[in-house]
Amino acid sequence: MIRFIKETDIERVYEIYSYYVTYTEASLEIEAPTLEQFRKRVKSIMKTYPYIVYESKDKNIIGFAYATKFMDREGYKYSVTTSIYLDPHFLGKGKGEHLYKSLLALLNVQGFYTAYAIVTKSNEKSMDFHEKIGFEPVAELDQIGYKFNKWIDTIYYAYPIKSLTKFPEPIKSINTIDFIKFF
C-alpha cells in the first residue's frame, strides 16, 4: 500500500536513507543526519509537499518518495525536486515505479508543472529508472560533488507533470488532498 508517511514510519525511512548515505553515491550527503535531524526534515517537507511510503503486506516500509522545493525564488514555485529510496532488497521489483508514479500523480493534483530529479552519473540503475518513468536528461554538472574521496558528476532529469499554461492555478496544500479519495 502507498500512503502518506506517519510519525511512526520515520525511523524505518531513516534506516533506508542512512544506508544510501553511508554506502552509496545516491545521496551526496556525507554523513547521515541524526534521527532527530531527519525527523525534523521530514516534518518540514510534509507541511507542503507529498512524502509517501510503500508499505508491504506485512506492514514493513520498503521505500519512500518525496518532493521538495526546487529553488527558493517565488518564480520557481511550480517546479519541484523529487527523490525516491527503496530498501535495497526490493530494487528491480516494480515497487519503485509504482511509488514514484504515485508521487508524480500527487504533484499533479497539487498543481505542480515540472519535477526534477538529480542523479549521480555513477548510479546507472537510477538513470535507467528515471528514463523508464518518463524523465529526460536536461543538464549535466561535472565534478559537482565530492564523496568517497572522488569527484562526482550529476545529471538533472526533468519530468513534465502537466502541460504548461499561461496562467497557472495556485498550488493546493498537501493537507487538502485525501489520499484515499485520490486513489
Side-chain angles (χ1 to χ4, degrees), residues 1-7 9-10 13 16-17 20 26-29 33 37-54 63-86 95-121 123 125-142 144-145 152-183:
M1 166 174 53
I2 295 173
R3 60 173 172 73
F4 287 122
I5 193 169
K6 298 177 191 173
E7 172 75 30
D9 302 325
I10 294 176
V13 167
I16 294 169
Y17 180 69
Y20 285 95
S27 169
L28 288 182
E29 199 155 7
Q37 290 168 329
F38 189 78
R39 189 180 314 280
K40 287 179 183 175
R41 187 184 297 179
V42 170
K43 287 180 177 182
S44 176
I45 292 168
M46 60 190 270
K47 288 178 187 176
T48 308
Y49 303 97
Y51 207 119
I52 59 176
V53 297
Y54 195 116
F64 65 99
Y66 64 94
T68 57
K69 182 187 290 191
F70 175 68
M71 299 276 272
D72 282 333
R73 304 288 189 268
E74 181 72 14
Y76 293 113
K77 71 181 177 183
Y78 293 102
S79 297
V80 294
T81 302
T82 57
S83 296
I84 182 169
Y85 294 93
L86 291 180
K95 308 293 187 195
E97 184 175 349
H98 190 59
L99 182 62
Y100 218 39
K101 285 182 177 179
S102 297
L103 176 69
L104 295 168
L106 281 165
L107 292 167
N108 182 29
V109 170
Q110 276 191 273
F112 291 105
Y113 284 81
T114 308
Y116 292 95
I118 305 166
V119 180
T120 54
K121 272 178 87 172
N123 193 347
K125 287 182 180 179
S126 185
M127 292 188 300
D128 292 344
F129 171 78
H130 280 86
E131 290 174 20
K132 180 181 177 185
I133 298 291
F135 281 78
E136 293 189 11
V138 293
E140 290 189 28
L141 299 175
D142 294 335
I144 191 73
I152 298 170
D153 304 334
T154 60
I155 299 177
Y156 273 67
Y157 282 88
Y159 180 88
I161 297 170
K162 58 173 53 186
S163 298
L164 299 178
T165 59
K166 188 168 184 172
F167 300 105
E169 296 290 321
I171 301 295
K172 292 179 184 146
S173 169
I174 193 66
N175 299 326
T176 64
I177 298 172
D178 183 340
F179 204 101
I180 302 300
K181 288 181 183 175
F182 172 71
F183 286 103

To the closest 0.5 Å, what do you measure between [atom1] ([X]) and [atom2] ([Y])?
| X | Y | atom1 | atom2 | answer |
| --- | --- | --- | --- | --- |
| Ser79 | Lys69 | OG | NZ | 12.5 Å |
| Ile161 | Leu107 | CD1 | CG | 4.5 Å |
| Tyr51 | Ile5 | OH | CD1 | 5.0 Å |
| Ile118 | Asn123 | CD1 | CG | 13.5 Å |
| Leu28 | Thr154 | CG | OG1 | 7.5 Å |

Taking all non-hydrogen atoms of both residues, which atom of [X] and which atom of [Y] are closest, and how far apart?
| X | Y | value |
| --- | --- | --- |
| Leu106 | Ile52 | CD1-CG2, 3.7 Å |
| Leu103 | Ser83 | CD2-O, 4.4 Å |
| Thr114 | Ala158 | CG2-CB, 4.4 Å |
| Met46 | Asn175 | O-OD1, 4.4 Å |
| Leu141 | Ile144 | O-CG2, 3.6 Å |
| Pro137 | Ile155 | CB-CG2, 3.9 Å |

| task | Could you tell me whether the side chain of Ser44 and the main chain of Lys40 form a donor-acceptor pair under 3.5 Å? | result |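 No; zero donor-acceptor contacts below 3.5 Å.
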| task | Look only at the side chain of Gln110 and the backbone of Thr48, and say whether a donor-acceptor pair between them is shorter than 3.5 Å. | result |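 Checked: pair present.
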| query | Taking only residues two or more places apart in sequence or in another chain, which ones pass ring-ring contact (aromatic ring centres under 6.0 Å, His included) with Tyr76? | reply |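 Per chain and number, Tyr76 pairs via ring-ring contact (aromatic ring centres under 6.0 Å, His included) with Phe70.
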| query | Sequence neighbours excluded, which residues qualify as ring-ring contact (aromatic ring centres under 6.0 Å, His included) partners of Phe112? | reply |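 Here the qualifying residues are Tyr49.
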| said: For a side-chain contact (heavy atoms from CB on, under 4.5 Å) check, start with the C-alpha distance between Arg41 and Tyr17, then their side-chain angles and the critical distance, and finish with the verdict. | reply: CA-CA 12 Å; Arg41 187 184 297 179; Tyr17 180 69; 4.0 Å; yes
Expected list for residues 127-135: side-chain donor-acceptor pairs under 3.5 angstrom, two or more places apart:
unit_1: His130; atom_1: ND1; unit_2: Ser126; atom_2: O; d: 2.9
unit_1: His130; atom_1: ND1; unit_2: Ser126; atom_2: OG; d: 3.3
unit_1: His130; atom_1: NE2; unit_2: Tyr100; atom_2: OH; d: 3.0
unit_1: Glu131; atom_1: OE2; unit_2: Tyr157; atom_2: OH; d: 2.9
unit_1: Lys132; atom_1: NZ; unit_2: Glu97; atom_2: OE1; d: 3.2

| field | Within the 6.0 Å centroid threshold, strictly below: Tyr156 and Tyr116 | value |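 They do not qualify: ring centres at least 6.0 Å apart.
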| task | Go through Leu104 and Tyr159 one step at a time and tell me if the side-chain contact (heavy atoms from CB on, under 4.5 Å) criterion holds. | result | CA-CA 9 Å; Leu104 295 168; Tyr159 180 88; 3.8 Å; yes
| task | Using a 4.5 Å cut-off on heavy atoms from C-beta on, say whether the side chain of Asp9 contacts that of Phe64. | result |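 Counting from C-beta outward, Phe64 and Asp9 never come under 4.5 Å.
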| Partner residues of Tyr78 under the side chain to side chain contact (heavy atoms under 4.5 Å, CB included) criterion, sequence neighbours left out |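 Expected list: Tyr113, Pro168, Ile171.
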| said: Using the side chain to side chain contact (heavy atoms under 4.5 Å, CB included) criterion, which residues pair with Leu86? Sequence neighbours excluded. | reply: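 Side chain to side chain contact (heavy atoms under 4.5 Å, CB included) list for Leu86, sorted by chain: Leu91, Leu99.
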| said: Once side-chain hydrogen bond (donor to acceptor under 3.5 Å, both in side chains) is applied, do any residues pair with Lys77, and if so which ones, sequence neighbours excluded? | reply: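 Glu74.
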| said: Quick check on Glu7: does its CD atom have over 12 non-hydrogen neighbours (other residues, nucleotides or ligands) under 6.0 Å away? | reply: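 Yes, the 6.0 Å shell around CD holds more than 12 heavy atoms from other groups.
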| said: With a sphere of 6.0 Å drawn around NZ of Lys95, does it hold more than 12 non-hydrogen atoms of other residues, nucleotides or ligands? | reply: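 No, NZ of Lys95 has 12 or fewer neighbouring heavy atoms, counting only those of other groups under 6.0 Å.
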| task | Would you sort out whether His98 and Ile2 count as a side-chain contact (heavy atoms from CB on, under 4.5 Å), showing the intermediate values? | result | CA-CA 9 Å; His98 190 59; Ile2 295 173; 3.1 Å; yes
| task | Show your reasoning for whether side-chain contact (heavy atoms from CB on, under 4.5 Å) applies to Val13 and Phe38. | result | CA-CA 9 Å; Val13 167; Phe38 189 78; 3.7 Å; yes
